[in-house]
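Following: one structure in structure tokens, then a few remarks.
Letters A, B, ... mirror the listed sequences (proteins, then strands); counts begin at 1.
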Number of protein chains: 2
Amino acid sequence: MDKHSPIHITLEQRDEAVTITQWVYSSLRRAVMLGQLPPGRALTIRELASLLGVSPMPIREALRQLSAEGALEIQGNRRVMVPRMTAMKFNELVEARIALESHAAAQALPYMDSDRLAQIRTLDDQIDVAEAAGDAETVMQVNQDFHRLIYTANPHQVTMPLIESLWLQLAPFMRVAASNLVEYYQIDRHHEAMEAIARQDAIALRLAIAADIRDGCAFAASPETLQALISA
Amino acid sequence: MDKHSPIHITLEQRDEAVTITQWVYSSLRRAVMLGQLPPGRALTIRELASLLGVSPMPIREALRQLSAEGALEIQGNRRVMVPRMTAMKFNELVEARIALESHAAAQALPYMDSDRLAQIRTLDDQIDVAEAAGDAETVMQVNQDFHRLIYTANPHQVTMPLIESLWLQLAPFMRVAASNLVEYYQIDRHHEAMEAIARQDAIALRLAIAADIRDGCAFAASPETLQALISA
DNA sequence: TGAAGTTTTATGTGATCACAATTTGATGGC
DNA sequence: GCCATCAAATTGTGATCACATAAAACTTCA
């Protein structure tokens with residue numbers, strides 16, 4: 001049944017109030033985020049359907065949505081797979097993140113209030129704890145929440161879906177790299193960002209976000225790491 | 001059969017080599033671009049199916065893809081529609097365009113060659129012609145091609161899908177506004193951009209692109225025009 | 001032994017159907 | 001005249017099926 005490598009997806013509890021398609025979507029989305037789907041591996045509808053225990057229909061819809069979001073790629077053969085990464089593409093994704101997220105942060109700054117800043121500080125503390133425990137998985141997860149909580153201060157959301165798309169494209173490769181090395185440098189950048197928010201200093205915030213992203217992705221941009229990611 | 005207002009979609013010729021879903025997708029996409037689908041109007045799968053003369057299945061897939069791209073919006077009721085516009089959201093979309101496209105232009109600049117620049121100049125001439133003829137439709141169309149041809153000089157594309165998403169969200173409202181007024185100011189900005197490309201001047205290119213977008217959307221940002229768009 | 005041609009299998013696409021939930025339109029009461 | 005209530009119609013969701021195409025496996029020949 002398995003073409004090349006077997007696939008294992010950690011299923012989450014199925015909520016009755018939600019449609020099967022939505023459940024399949026979030027399941028597959030997390031599988032992509034966690035790097036559970038090998039890049040280049042062809043995903044067949046029927047295989048995923050039996051894997052998740054549903055009919056092919058919700059799988060089709062979820063795959064199309066994920067493809068539209070850049071998480072998956074539809075080849076000419078009409079086969080769908082996790083896109084393969086290249087060093088140049090990785091760099092482009094990081095640069096796009098910097099451009100979009102520093103902009104999103106600046107646009108969100110005027111809407112920031114003390115409540116939200118307090119929540120952001122809480123997340124930063126959680127990252128601290130996870131970092132000390134060497135839990136790279138949680139660090140990445142909460143780090144995303146940290147960034148999202150900043151950008152979503154802006155009630156007129158147009159950038160967040162675009163940013164999520166970039167995260168989806170980077171995540172499977174970031175994770176492989178992150179497992180090698182738990183970083184602690186981000187703390188400084190996060191503090192810079194939080195101070196900039198407190199001061200309502202847009203320029204400083206942009207710089208802090210940009211530096212945070214660049215630092216967080218720099219280790220993966222080393223030739224040997226990238227090579228490992230690509231061939232993986 | 002029609003809930004509130006009747007819908008008319010200009011169908012393009014169905015290419016046999018392409019799947020029905022793809023044809024439906026491009027048809028609906030263009031309908032959104034041309035503002036043929038009234039914002040807020042609920043789109044039902046069966047209605048579109050009979051309108052396009054296909055089964056509900058390809059419609060479902062196309063709607064999901066367009067929703068993932070931000071062209072359509074799925075409400076809690078599981079109803080799909082063209083998102084309504086607000087003045088603030090319009091502004092956010094324009095600012096996001098500026099941030100993303102000026103970045104994309106700068107990232108594409110090193111890859112630009114004389115062949116592509118010549119093609120870009122050709123498109124600018126076509127805009128000139130359409131402008132003189134008062135053909136706002138063609139102006140918008142070719143103007144998009146103009147921008148796209150700049151950004152896609154970069155062979156490692158990650159920003160173009162994001163930019164297309166912003167275009168999709170803005171287009172239906174831009175068109176309504178553009179029908180009131182055919183602009184000619186863009187020519188200057190386009191010349192600035194092309195000169196910057198010829199000089200490989202990234203900063204000047206960023207400024208030209210940003211100014212072009214801002215100018216092109218400024219007329220729509222006037223309170224009265226926006227009000228007309230929102231209530232339309 | 002290896003490559004080309006043929007058969008067999010697997011897969012995506014699209015149509016049809018059943019069902020539950022939502023919306024709509026009518027009805028009755030204040 | 002207006003709103004709550006209920007019945008009928010509509011709609012999205014998901015499953016199953018048929019078919020054309022692509023991939024894979026097998027056979028055959030050089």
Side-chain angles (χ1 to χ4, degrees), chain A residues 1-7 11-29 37-38 40-68 71-83, chain B residues 1-7 11-29 37-38 40-68 71-83:
Chain A
M1 182 60 69
D2 49 315
K3 203 68 132 311
H4 298 112
S5 51
I7 290 181
L11 306 165
E12 53 188 0
Q13 193 65 26
R14 163 89 163 67
D15 182 6
E16 287 299 326
V18 107
T19 64
I20 296 183
T21 299
Q22 287 171 313
W23 174 72
V24 170
Y25 167 76
S26 58
S27 296
L28 291 181
R29 188 183 203 277
L37 304 178
R41 165 78 150 78
L43 302 175
T44 68
I45 293 177
R46 287 174 172 86
E47 180 186 11
L48 292 174
S50 69
L51 208 65
L52 298 190
V54 299
S55 90
M57 188 67 54
I59 305 286
R60 282 168 64 173
E61 305 235 345
L63 288 184
R64 184 162 292 271
Q65 180 167 354
L66 286 167
S67 300
L72 299 177
E73 193 180 71
I74 304 179
Q75 308 180 84
N77 340 337
R78 297 168 182 172
R79 277 257 159 65
V80 62
M81 60 178 206
V82 175
Chain B
M1 181 61 71
D2 50 315
K3 202 70 130 310
H4 298 113
S5 50
I7 290 180
L11 306 164
E12 53 189 0
Q13 191 68 25
R14 163 94 164 70
D15 182 6
E16 287 299 326
V18 108
T19 64
I20 297 183
T21 298
Q22 286 172 313
W23 174 73
V24 170
Y25 166 76
S26 58
S27 297
L28 292 181
R29 188 183 203 279
L37 304 179
R41 165 80 151 76
L43 302 175
T44 69
I45 293 178
R46 286 175 172 84
E47 180 186 10
L48 292 174
S50 70
L51 207 66
L52 298 190
V54 299
S55 89
M57 188 67 55
I59 305 286
R60 281 168 64 173
E61 305 235 346
L63 289 184
R64 185 163 290 271
Q65 181 167 353
L66 287 166
S67 301
L72 300 177
E73 193 180 70
I74 304 181
Q75 307 181 84
N77 340 336
R78 297 166 182 174
R79 276 255 158 66
V80 62
M81 60 177 205
V82 175

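Protein atom CZ of R14(A) is 13 Å distant from nucleotide atom P of dT13(D), rounded to whole Å. In this entry the distance linking CD of Q75(A) with C1' of dG12(C) reads 13 Å, nearest Å. When rounded to the nearest whole Å, the span between CD1 of I74(B) and C1' of dT22(C) equals 16 Å. Rounded to an integer number of Å, the gap from CZ of R41(B) to P of dT11(D) is 10 Å. Put simply, CD1 on I59(A) is 16 Å from C1' on dT13(C), counting in whole angstrom units. Taking atom CD1 of residue I45(B) and atom C1' of nucleotide dT13(D), one finds them 8 Å apart after rounding to whole Å.
With sequence neighbours left out, the side-chain hydrogen bond (donor to acceptor under 3.5 Å, both in side chains) criterion links E16(B) to no other residue. Under the side-chain hydrogen bond (donor to acceptor under 3.5 Å, both in side chains) criterion, R60(B) pairs with E61(A), sequence neighbours left out. Remark: Q22(B) engages T19(B) in a side-chain hydrogen bond (donor to acceptor under 3.5 Å, both in side chains) (not counting sequence neighbours). The side chain to side chain contact (heavy atoms under 4.5 Å, CB included) search around L51(A) returns I7(A), I9(A), L48(A), not counting sequence neighbours. Residues passing the side-chain hydrogen bond (donor to acceptor under 3.5 Å, both in side chains) test with E12(A), sequence neighbours excluded: S26(A), R30(A).
Here T44(A) does not reach the OP1 or OP2 of dG12(C): none of its side-chain N or O atoms lies under 4.0 Å away.
Here L48(A) lies out of heavy-atom contact (under 4.0 Å) with every strand.
Ion pairing of R41(B) with E47(B) is present here, as a side-chain N (NZ or NE/NH1/NH2) and a carboxylate O approach within less than 4.0 Å.
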Nucleotide N/O of nucleotides 15-22 of chain D paired with protein N/O under 3.5 Å:
unit_1	atom_1	unit_2	atom_2	d
dA15(D)	OP2	S55(A)	N	3.2
dA15(D)	OP2	S55(A)	OG	2.1
dA15(D)	O5'	S55(A)	OG	3.3

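One axis for each end of the helix from dT1(C)-dA30(D) to dC30(C)-dG1(D), each built from five base pairs, and the angle between them comes to 20° at 10° resolution.
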